[in-house]
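Since the structure comes first, as structure tokens, the remarks are kept for the end.
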Amino acid sequence: MKDQIMPTNEPTLVSDDVLSVAPALRDYMQGDVLDDLWKRPQLSPRDRSIVTLSVLITRNQTLDLPFYLRLALDSGLKPAEISEIVTHLAFYAGLGNASATIGIVKDVFGERGIGAGELPPANPKLLPLDAAAEATRAANVEKNTGPISPGLVQLTADVLFLKLWLRPDLAPRDRSLVTVSSLMAAGHVAQITFHLNKAMDNGLTQEQAGEIIAQVAFYAGWPNAFSAVPIVGEVLKSRDQQSA
């Protein structure tokens with residue numbers, strides 16, 4: 001019986017079925033996406049996998065998720081890191097979008113023989129807190145959000161920045177990569193400035209920041225990519241001025 005989710009070794013848009021509907025789309029997918037985009041040197045295949053998984057989960061586009069999960073594992077992403085991506089996106093893309101991925105990830109982990117011993121614990125020893133950076137973030141959130149939703153202020157600190165962001169099984173730079181990709185995919189451009197600065201503080205380069213937009217364009221659409229461009233540009237310009 002044919003796999004009801006998708007073929008094992010190819011994304012849907014390069015399957016033979018596409019020829020009966022949109023043969024040109026198949027050519028775009030094979031030539032411009034798999035043979036070109038994924039081989040561009042500005043991001044590693046591992047980084048492109050992080051971006052793509054983040055986009056697909058954020059947008060609840062699960063049809064090709066098995067293919068990209070397998071590709072991510074083949075590109076060096078660890079099962080524990082994939083687990084953390086799902087957990088992280090539960091807060092940045094919503095609990096429902098994270099829930100929609102659980103059965104799919106479980107099946108891919110099962111076919112690869114990945115067991116509970118390769119997954120991160122529920123309550124690991126957390127990474128050290130950058131107290132100064134957290135104090136600045138908390139003060140800004142309190143100023144802008146506290147008068148409207150004090151509960152959101154408290155939960156943002158207690159759940160996200162004092163717990164989620166300090167979990168050790170996804171490096172801070174990769175956690176930032178997940179967040180920025182998710183924000184672009186959802187069109188949440190107002191949140192990009194803070195998180196892109198955090199990403200670059202965590203080691204993301206300017207070239208990599210620009211290439212995230214290119215990857216997002218194919219998987220979340222050109223409008224979302226172009227909407228992110230001016231925000232990313234302002235962040236890069238500001239950082240250049242600060243370093244001059």
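Just so it is clear, the structure is predicted and the values come from calculations on it, not from any experiment. For this chain, numbers begin at 1 and follow the sequence in order.
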Check: [Y] and [X] side chains under 4.5 Å, non-hydrogen atoms:
X: S182; Y: L89; value: yes
X: V232; Y: I212; value: no
X: P11; Y: L34; value: yes
X: Y219; Y: L37; value: yes
X: V21; Y: V18; value: no
X: R173; Y: L177; value: yes
X: S54; Y: V180; value: no
X: R70; Y: R112; value: yes

Is the shortest side-chain N to carboxylate O distance from [X] to [Y] below 4.0 Å?
X: R26; Y: D17; result: no
X: E211; Y: R48; result: yes
X: R137; Y: D130; result: no
X: R46; Y: D174; result: yes

T145 side-chain N/O to E142 backbone N/O, donor-acceptor pair under 3.5 Å: no
Heavy-atom donor-acceptor pair, N97 side chain to T58 backbone, under 3.5 Å: yes
Nearest heavy-atom pair of [X] and [Y]: which atoms, and what distance?
X: G203; Y: Q208; answer: O-OE1, 4.1 Å
X: V216; Y: S181; answer: CG2-O, 4.4 Å
X: L53; Y: A72; answer: CD1-CB, 3.9 Å
X: I192; Y: A228; answer: CD1-CB, 4.0 Å

Residue from H88, Q191, K198, H195 passing side-chain hydrogen bond (donor to acceptor under 3.5 Å, both in side chains) with T179: H88
Donor-acceptor side-chain pairing of S238 and E234 below 3.5 angstrom: no
Distance-only donor-acceptor check, side chains T52 and Q215, under 3.5 Å: yes
N123 atom CG, over 12 foreign heavy atoms within 6.0 Å: no
Mutual orientation of the aromatic rings belonging to F194 and F161 [parallel < 30°, tilted 30-60°, perpendicular > 60°]: perpendicular
Aromatic ring pairing Y92/W165, orientation class (parallel under 30°, perpendicular over 60°, tilted between): perpendicular
Residue list, side-chain contact (heavy atoms from CB on, under 4.5 Å) with V105, at least two apart or on another chain: L69, I82, V86, T101, F109
